[in-house]
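First up is the structure itself, then whatever we jot down about it.
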Amino acid sequence: MKSLCIFALFALGLVSCKNNEKELPSVNYADIVVGTSNNGEAELADIAAVKTKWEAAIKKGGKDASLIGFEIVKGTTEGGDPGEYYMLLARTDDGAIKTASLLTLKEGKLYFEHSEDSGRALPLVVCSGLCDDGCLPVVSVRSGKKYINCTPCLDCKKHETEVR
């Protein structure tokens with residue numbers, strides 16, 4: 001009887017120690033409506049699924065980050081032919097990590113921009129480094145295509161990761 005109780009406690013301990021990792025929402029990343037644009041003014045939608053997916057992508061790259069400050073920025077590209085763009089930005093509380101992804105406007109809704117070759121959303125760009133002035137995501141044009149780079153500073157590192 002005593003050994004049966006010990007076995008039951010052992011089995012209960014194993015079950016309670018099971019890995020309860022947070023499950024990612026089963027949302028197709030490419031279909032997420034990030035926001036809307038009315039008369040040029042961008043408004044952020046509910047981005048809870050995006051936050052979860054971006055944080056998981058950063059963690060896969062070896063960093064642990066809790067992102068805040070999500071915002072949609074409308075701007076003009078640098079270099080090449082100037083053109084307008086929309087970009088979703090987020091950062092960590094300490095500002096050491098800034099993330100960005102290009103958006104595309106379709107019928108008043110903003111979605112993640114896709115690669116023409118693969119049909120997948122373009123990579124998430126992660127700029128990491130603590131600089132007084134720099135290490136911020138910026139959009140430039142090369143050979144007619146938009147790219148996100150990180151503004152230069154001594155401590156800045158750029159990393160691209162795919163989000164699905």
Side-chain angles (χ1 to χ4, degrees), residues 10-37 42-75 77-78 85-106 109-142 145-164:
F10 179 72
L12 185 61
L14 285 177
V15 169
S16 67
C17 292
K18 182 181 168 191
N19 186 5
N20 292 325
E21 207 170 292
K22 189 164 60 168
E23 193 172 312
L24 297 178
S26 60
V27 174
N28 185 355
Y29 184 71
D31 295 335
I32 296 173
V33 176
V34 178
T36 57
S37 177
E43 186 176 318
L44 194 61
D46 178 16
I47 46 85
V50 173
K51 178 178 171 30
T52 302
K53 287 178 179 287
W54 279 20
E55 288 174 350
I58 292 169
K59 190 172 188 171
K60 209 169 33 172
K63 296 188 185 275
D64 205 11
S66 178
L67 297 173
I68 63 169
F70 281 85
E71 64 178 320
I72 297 173
V73 173
K74 180 181 177 182
T77 59
E78 295 181 352
Y85 67 85
Y86 288 95
M87 179 170 53
L88 180 63
L89 298 171
R91 62 179 171 75
T92 55
D93 191 35
D94 65 357
I97 296 176
K98 295 132 196 129
T99 58
S101 190
L102 288 170
L103 304 175
T104 187
L105 182 63
K106 293 180 188 170
K109 295 180 181 177
L110 292 160
Y111 298 90
F112 290 105
E113 199 162 294
H114 290 77
S115 166
E116 294 173 15
D117 302 334
S118 68
R120 293 184 181 154
L122 293 178
L124 171 67
V125 174
V126 180
C127 301
S128 56
L130 285 171
C131 308
D132 291 335
D133 189 27
C135 205
L136 301 169
V138 62
V139 180
S140 58
V141 176
R142 280 181 277 146
K145 291 185 178 182
K146 293 180 220 162
Y147 294 92
I148 299 176
N149 292 304
C150 303
T151 56
C153 82
L154 189 58
D155 185 36
C156 191
K157 292 184 176 94
K158 177 185 174 186
H159 174 72
E160 292 185 4
T161 185
E162 189 173 295
V163 181
R164 293 182 185 194

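Position 1 is the first residue of the sequence, and the numbers go up from there.
Heavy-atom minimum distance, Glu160 versus Pro123: OE1-CG, 3.6 Å. Taking all atoms of both residues into account, the shortest heavy-atom contact from Val34 to Leu103 is CG2-CD2, 3.9 Å.
In this view, Ala45 satisfies the side-chain contact (heavy atoms from CB on, under 4.5 Å) rule with no residue, not counting sequence neighbours. Remark: Asp46 engages Ala48 in a side-chain contact (heavy atoms from CB on, under 4.5 Å) (not counting sequence neighbours). Leu105 pairs by the side-chain contact (heavy atoms from CB on, under 4.5 Å) definition with Ser37, Tyr86, Leu110, not counting sequence neighbours. Checked against ring pair (Phe, Tyr, Trp, His ring centres under 6.0 Å), Tyr111 has no partners two or more places apart in sequence or in another chain.
In this structure the side chain of Leu89 never reaches within 4.5 angstrom of the side chain of Lys98, judged on heavy atoms.
Annotation for Asp94: atom CG counts as buried by contact number, over 12 foreign heavy atoms lying within 6.0 Å.
Here the side chain of Asp155 pairs no donor or acceptor atom with the backbone of Cys131 at under 3.5 angstrom. Looking at Lys158, its side chain does come within 3.5 Å of a backbone N or O of Ile148 through a donor-acceptor pair.
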*asked:* Set out, in order, the CA-CA distance, both residues' side-chain angles and the distance that settles disulfide bond (SG atoms under 2.5 Å apart) for Cys156 and Cys127, then state yes or no.
replied: CA-CA 7 Å; Cys156 191; Cys127 301; 5.1 Å; no
*Given Phe112 and Val50, is the side-chain contact (heavy atoms from CB on, under 4.5 Å) satisfied, shown in steps?*
CA-CA 10 Å; Phe112 290 105; Val50 173; 3.9 Å; yes
*Take Ile97 and Val126, measure what side-chain contact (heavy atoms from CB on, under 4.5 Å) needs, and give me the verdict at the end.*
CA-CA 7 Å; Ile97 296 176; Val126 180; 3.6 Å; yes
_With side-chain contact (heavy atoms from CB on, under 4.5 Å) as the criterion, how do Leu88 and Leu44 come out once you've worked through the C-alpha distance, each side chain's angles and the decisive distance to 0.1 Å?_
CA-CA 9 Å; Leu88 180 63; Leu44 194 61; 3.7 Å; yes
*asked:* With side-chain contact (heavy atoms from CB on, under 4.5 Å) as the criterion, how do Arg142 and Asn149 come out once you've worked through the C-alpha distance, each side chain's angles and the decisive distance to 0.1 Å?
replied: CA-CA 11 Å; Arg142 280 181 277 146; Asn149 292 304; 4.1 Å; yes
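For the atom pair CD1 (Ile47) and CD1 (Ile72), the distance works out to 9.5 Å, reported to the nearest 0.5 Å. To the nearest 0.5 Å, atom CD1 of residue Ile58 and atom CG of residue Leu124 are 6.0 Å apart. Here Lys145 contributes atom NZ and Glu113 contributes atom CD; the two are 10.5 Å apart, rounded to the nearest 0.5 Å.
A salt bridge is absent between Lys59 and Glu55: the closest approach of a Lys/Arg side-chain nitrogen to an acidic carboxylate oxygen does not fall below 4.0 angstrom.
Residue pairs meeting the salt bridge (charged side-chain N to carboxylate O under 4.0 Å, His left out) criterion with at least one member in residues 65-75, sequence neighbours excluded: Lys74-Glu84.
Per the SG-SG cut-off, Cys135 and Cys153 are not bridged by a disulfide [distance not under 2.5 Å].
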With a cut-off of 3.5 Å and sequence neighbours excluded, list every side-chain donor-acceptor pair involving residues 62-70.
none

